[in-house]
Undergrad: 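Starting off with a structure, shown below.
The analysis underlying the following values was restricted to heavy atoms, covering all of them including side chains, and did not include hydrogens, waters or symmetry mates. Lettering follows sequence order; numbering is per chain, from 1.
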Amino acid sequence: MSDEKKFAAFICTGCGIGDRLDAKQLEMTATRDGKMQSCHSHEMLCSKEGVQLIRDQIDNEGANHIMIAACSRRAKVEAFNFTDVAMSRANLREGVIWSRPEGDEHQETTQEMADDYVRMACAEVRFMEVPQPSEEQGCVENILIVGGGVSGMTAALEAAAAGFNCHIVEKEGELGGWAAKWHKRIPYRAAPEGTPNTLTAHLPDPVDNDVADLIGQVEASDKISVHLNARVTRTSGAPGRFAADITTESGSTTTENFGAIVQASGWKPFDIDSLPEYGHQHPDVVTNVELEQMAREAGDGPIKRPSDGKEVKSVAFVQNAGQTSTKEGYLPYHSGIGDLISIKQAMYFKAQNGDDCDTTILYDNLRTPGAPGEDFYRAGQQKMVIFTKASVDQVAADGSGAKVKFKDKILDEDVELPVDLVVLDIGMVPNSGPDPYAANESLEGMSEEEQEAVKEELESETAVTVESILNLDYRQGTDLPQLKWGFTDSHFICFPYETRRTGIYAAGPVRRPMDIKQAQDDATGAAMKAVQAAVHAAHGEAVHPRVGDLSYPRFRKEGCTQCKRCTVECPFGAINEDEERYPLFNESRCRRCGTCMGACPVRVISFDNYSIDTVGQQIKNVDVPDEFEEKPRILVLACENDAYPALDQAAVSGQEISPWARVIPVRCLGSVSLSWVTDSMNNGFDGVIMMGCKRGDDYQCHFVRGSAMAAERMAKVGDTLSTLNLEPERVVVHEVAITDIERAPRLIKEMEDVVERVGLSPFKF
Amino acid sequence: MSDMNTAMVEKYRNDFLKEVEANVEEGQWVKMCMQCGVCSGSCPLGNAWAHPPQEIFMMIRAGKRDEVLKSDSMWMCTSCYNCIVRCPRELPITHIMHGLATYSKRLGLAPKTQPTSQFSEIFWNNMMKRGRVNELKLGLSLYFKDGFGQGIKNALANQKLGMSMMKAKRMSPAEFFGGHGIKDASGLQKMIKKAEEIELAKLKANT
Ligand code: SF4
Ligand code: SF4
Ligand code: SF4
Ligand code: SF4
């Protein structure tokens, strides 16, 4: 294609835009200030004819850079879908006429707003390039699945059903994981609707273990290859072109290519032996995992006491053993399903040892999640399982048998309960590899020497204790980054399967504790994501949240100072290093967040359709009135995922937005360059508001760390402002959620008040 | 009756919940309580009770036989039905309260001086005479249950109430001499006696 840029502008006068604004004036702005070579108005640009008008300009007149002034860029995306050109959009509907009141007294400022947005969109498109996808590659229809438990097998079957091949790598000698060892499982369904609440109503019972069926299906599939007693000893490449070494116990290694990876490495039982108060060293005190084995061995006959083989006639379940405590050596979280497991196991005793076997569940907070939860609880009660709200102090040997010392929290008294057997509800610990960022996390707030010491210690520790699962040859570490307590990091609201390594999806209890049913749902989601990732990578397209984006970071090597900020700050580990120690971008690992672009101090990183200039020029093209006009200008850099839609929604719901605001959507606050802030100040803007997603442990940032990175960088902006003799409160960073439709306009209003208080910027010319 | 108490203790040993299941009206529901406390919170009198309903259910499950059966708590229930309406597990709580009271009375464990229990007895005996309640005599026996002097005091204190009842024809001084009744009072007495025999036999069979 020719390098010459040909610009065309299109202005929509529908949806009331033509009534509220002077369209002729907008056309003039687009051609004169915006330097568009042609400008076309249409009374309904998103209609068939309107779209055709644009298409004709592209096809017949050679327009390859188009500016559409109409509704928000989030509206009518199907109509305005021109993938072969560079396109920008001026938001005249939500951004101007819907967020400003009607009336003559407002007309002047409203028209100014519209003119600015047209100027900005023209400037943006002038500095854009038509996105060129990186080289197309064939689609590798092969998924690597690490772990052969319920999650892994389900993922394999789902991917196979979608037509993909799979390789399951299982470290044990057989498929099935823990779940295959269970005697029975928790039911999946509640009692049918309309079941009466009577003492004899039929409520869900424990269900026969059906993991063997799953194993059978996997073995029967000609699309699934299984590697037992095997590990992944090296993973290199990127989505669409991973290469993994699969090494068996005997030492033989095969290398396979994969389009994407599912990590379903599962969990292990918490080691309760380290907490002596639970008395696990005594034979008649067992864990819930061990009890499954005992119940299974008993067949349908009575479960026997381990110490002397006596039939168990009384059993106590100690819930939440060693969990939910900040005390050293305890699990800090609750595994969620332990109460359902104990109800199930209490029913084993009622069924196998007889109705007269006393079963007491000592709980503090009873949790029975899932559709059948409440019915299953009632089923246990129907069978005379006794539930006692208690805090357990000690489990001790008592000749043969054991006794539990606890406080009854309803009757407020200390109790000693002698029983034949005690079952401990222990937690689930994720099977994760070493966390690549473990060192960084614990370093905050330490001096440099302390940091070094911790790093060294962590490195030696993790090297010894935690074995890698994926052995990624990424510069940023061998395994998936973790959120906390060893669980894989993922965007818990929007993209639960997505990890911080593109094309690698976590499923099952490695993500959070869960039961068989939840793990199967999880694995299905992850398998679908993996299939998508392989296909997207083949086309050179981004996966979520910028699905289908063809742009990717390019960098000007000559300018690079090898500072490595991009390599370190990329939340997805997408950037390696080449032999000359320059950054090496892997576009299919990249999520197109722009965090690297915002990080680069010498501004050499850009995308075809998003760069320092596409935003910087928008800022420069805002018409800043001189100080005598007393019209402040407030720059709003709003995250396109949450804050920008919140502002659109505010306009839809009839809220006013300050006439002084000029809003520019950014991919992520992480992509915000400090230069945009200083440029806007130098251009006479009076205030800058950055709106990004929530950061921290319960972050909502769609690019995980982008919002946090921005907050860190902007913490230093105060210094820059003082060198310019400007008040630090002129620049603020806010966390804005997509639901903040009343708050977002208010935050802009607050900046208006600040400007009112500290006065207009002295930099207006 | 204490024979029966001993027999029950023998039979159920430490399983009071099973004893309640077998012998107390609606007692099979006790195991379904999920200890949410809504009943105790809803009971207009709950905070005046030694053991509000939720606690009684937990005590039954914890095997606290004597504390429950000798308690005056369930005698305090006014049958307002607040708890039944609100219990998320739909336990017939009011009925269980009365069932427990009746059972403890049968075993001879009910507190002797608890006013509602005394009133119940007076009411029952009064009603059984003629098959109708004699309001005048009921009132008098209630006032004088704690002795003559106290009876006069009680009667004077409630004078106004008595006068209004007479004015509204809810009570008549003529009731003092005989009073109204049903046609076949002795038939009713026989019927009730038979019913009691059946109930007792059932309890005995359970021991
Ligand atoms: S755009 Fe984001 S994901 Fe891509 S390389 Fe840069 S920081 Fe990494
Ligand atoms: S941040 Fe910029 S200067 Fe630093 S290594 Fe990356 S590309 Fe080079
Ligand atoms: S309201 Fe019902 S379930 Fe709740 S404590 Fe009372 S009896 Fe139990
Ligand atoms: S019916 Fe009895 S127990 Fe229930 S709320 Fe009323 S007084 Fe309390």
Undergrad: Might you confirm whether atom NZ of A/K313 has over 12 heavy atoms from other residues, nucleotides or ligands at distances under 6.0 Å?
TA: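 It does: A/K313 NZ has more than 12 such atoms within range.
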Undergrad: Can you tell which part of A/T198 gets under 4.5 Å to a heavy atom of chain B, answering side chain, backbone, both or neither?
TA: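 Contact with chain B is through the backbone of A/T198 alone.
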Undergrad: Locate the shortest heavy-atom distance separating B/K31 from A/Q382; write the atom from each residue and the value.
TA: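 That would be CE-O, 3.4 Å.
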Undergrad: CD of B/E55 to CD1 of A/I410: how many Å apart, nearest 0.5 Å?
TA: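 Taking CD in B/E55 and CD1 in A/I410, the distance rounds to 8.5 Å.
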Undergrad: Looking at every non-hydrogen atom in both residues, tell me the closest pair between A/L199 and B/W29 and how far apart they are.
TA: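 Distance-wise, the nearest heavy atoms are CD1-NE1, 3.6 Å.
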Undergrad: Can you see which heavy atom on B/K18 is nearest to which on A/D355, and at what distance?
TA: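 Closest heavy-atom pair between B/K18 and A/D355: NZ-O, 4.5 Å.
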Undergrad: Say whether, by atom type as modelled, one donor and one acceptor occur between the side chain of B/R61 and the main chain of A/F387 under 3.5 angstrom.
TA: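 Side chain of B/R61 to backbone of A/F387, a donor-acceptor pair under 3.5 Å: yes, one is there.
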Undergrad: Heavy-atom count check: over 12 atoms from other residues, nucleotides or ligands less than 6.0 Å from B/K137 NZ?
TA: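 Counting neighbours around NZ of B/K137, more than 12 heavy atoms of other residues, nucleotides or ligands fall under 6.0 Å, so yes.
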Undergrad: Is any side-chain heavy atom of B/Q35 less than 4.5 Å from a side-chain heavy atom of A/L366?
TA: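 No, side chains not in contact.
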Undergrad: Starting at CG of B/D15, measure out to CG of A/D358 and round the result to the nearest 0.5 Å.
TA: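 Interatomic distance, B/D15 CG to A/D358 CG, rounded to 0.5 Å: 6.0 Å.
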Undergrad: What distance do A/K389 atom NZ and B/M34 atom CE have between them, rounded to the nearest 0.5 Å?
TA: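 Going from NZ on A/K389 over to CE on B/M34, the span is 12.5 Å.
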Undergrad: Which atom names give the shortest non-hydrogen contact between A/D408 and B/M58, and what distance separates them?
TA: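 Between these two residues, the closest heavy atoms are OD2-CE, 4.3 Å.
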